Amino acid sequence: MTVIGGCLAILSGIVALLFQLFPDWQPERDGTPSLKVADFNVEHEENIQADAIGEDGKKTKVEEWPSSMITVTIRNEGDDPVLIRNARFKFHHIDEFSCDGGGGLGWPIGRYDVKLAGEKSGAVVDRKMRWTIPPHDQETVAFTVGPKGGVNMSVSLYRFQITLERDEGDKVELPVVAHAAPLMWIEMHGKGSPGVSSPPGNSEIECWKKEWHELMAFTETGDVKSPEFRSFYSRVKSDEGWWRDKEK
């Protein structure tokens, strides 16, 4: 075994010397990046920790984030590092309901928050970032989406798609996500919410009817639905029989 090891070492040295003397013989590096989505999920992960990253690119303290995070793991199968400089959020549909009554394959290296204030359906929001993925490696980042204020006792619904943009113009499109926020108002929504015991008035019935019809048409088959969206959908759906009885 020692003799074989020695022979391999000598052979490697000869090959390296030949490449130095005849550089044209050396095989070209594959400079074409090959990015693949290794994992994508939207889960309620209260105990996930990640560095919050501000608009200036600086990290804040590590903290728990009691909300669903969109986590994406990208694998770079090329020979060179790849820099992702921007995450573009295309909001296909934004709605607000106000009737009375991440995961990932790896630990997120950063969390990018997108806070909305008055954007409408069709809005495009860019989130600047500097995410360098080493060659033949994979890394995970997380995103959160929600209203900037969230003090008007309404639930915001978002249907959007994230596109990761490289510094050289290539793009990686992620699945469409349906999400609801903030969690505190979702839990206060509908007839099952705390303090809702009196019969609904006509205006409340009309509001819940409108809300139900809009929500039923909000998503499409194949959308990745966050736990918050699924919870809100379940609450609105369970209220259907209640307001239909009150109509009679």
Side-chain angles (χ1 to χ4, degrees), residues 40-54 60-72 87 89 91-104 107-108 110-121 123 125 127 140-162 174-197 204 207-208 210-212 214-220 223-240 242:
F40 180 86
N41 73 59
V42 186
E43 291 298 335
H44 190 68
E45 301 170 283
E46 294 187 0
N47 297 321
I48 260 196
Q49 292 182 331
D51 289 324
I53 302 177
T60 65
K61 65 179 181 178
V62 176
E63 59 183 35
E64 291 188 353
W65 192 247
S67 173
S68 288
M69 291 198 296
I70 302 137
T71 56
V72 56
F89 289 71
F91 288 88
H92 300 292
H93 195 170
I94 297 177
D95 209 341
E96 185 175 274
F97 289 178
S98 185
C99 297
D100 290 335
W107 195 269
R111 189 192 78 224
Y112 296 85
D113 302 327
V114 176
K115 296 182 180 180
L116 305 174
E119 283 82 357
K120 304 298 182 183
S121 297
V125 177
R127 183 64 168 86
T140 302
V141 295
F143 300 94
T144 65
V145 175
K148 191 171 185 178
V151 296
N152 58 348
M153 297 184 67
S154 63
V155 176
S156 296
L157 297 187
Y158 307 103
R159 184 174 180 268
F160 60 91
Q161 184 174 28
I162 304 173
L174 304 178
V176 176
V177 174
H179 181 53
L183 181 61
M184 62 181 296
W185 296 130
I186 294 172
E187 294 175 342
M188 295 288 289
H189 186 84
K191 73 179 183 66
S193 61
V196 178
S197 57
E204 289 176 300
C207 183
W208 281 328
K210 178 175 180 291
E211 185 177 86
W212 183 88
E214 289 180 353
L215 184 60
M216 296 305 107
F218 191 82
T219 62
E220 295 183 6
D223 290 358
V224 180
K225 300 174 180 64
S226 73
E228 287 92 336
F229 184 89
R230 295 196 299 266
S231 174
F232 184 71
Y233 185 97
S234 177
R235 284 175 173 268
V236 173
K237 186 69 175 171
S238 67
D239 285 347
E240 178 188 1
W242 193 50

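Because the structure is predicted, anything quoted here is derived from the model rather than measured. All heavy atoms count here, side chains included; hydrogens, waters and symmetry mates do not. Along the sequence shown, residues carry numbers from 1.
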Worksheet entry | Any residue meeting side-chain contact (heavy atoms from CB on, under 4.5 Å) with A87, in chain and number order, not counting sequence neighbours | F89, R127, M129, F143, I162, L164
Worksheet item: What heavy-atom pair brings R159 and D223 nearest, and what distance separates the two atoms?
Response: NE-OD2, 2.6 Å
Fill in: Sub-4.5 Å side-chain heavy-atom contact between K120 and I94
no
Worksheet item: Which pair of non-hydrogen atoms, one from T71 and one from A142, has the smallest distance, and what is that distance?
Response: CG2-CB, 3.8 Å
Item to complete: Could you tell me which residues satisfy salt bridge (charged side-chain N to carboxylate O under 4.0 Å, His left out) with D95, sequence neighbours excluded, listed by chain and number?
Response: none
Practice prompt. To the nearest 0.5 angstrom, please state how far the CD atom of E220 sits from the NE2 atom of H93.
Written response: 11.0 Å
Worksheet item: Are any side-chain N or O atoms of E228 and backbone N or O atoms of S68, one a donor and one an acceptor, separated by less than 3.5 Å?
Response: yes
Worksheet item: Side-chain contact, heavy-atom cut-off 4.5 Å: T219 with F229?
Response: yes
Worksheet item: Which heavy atom in Y158 sits nearest to a heavy atom in A181, and how many Å separate them?
Response: CE1-CB, 4.5 Å
Response to the item:
CZ (R235) and CZ (R230) are apart, to the nearest 0.5 Å, by 14.5 Å
Fill in: Closest non-hydrogen atom pair between M69 and R111, with its separation
SD-CD, 3.5 Å
Worksheet item: Is the closest side-chain heavy-atom distance between V145 and F91 below 4.5 Å?
Response: yes
Discussion item. Quick check: closest heavy atoms across L157 and A180, and the distance to 0.1 Å?
Written reply: CD2-CB, 3.4 Å
Worksheet item: Looking only at atom types and distance, does a side-chain atom of S156 sit under 3.5 Å from a main-chain N or O of E96, one as donor and one as acceptor?
Response: no
Fill in: Closest contact, heavy atoms only, Y233 versus L215
CA-CD2, 3.7 Å
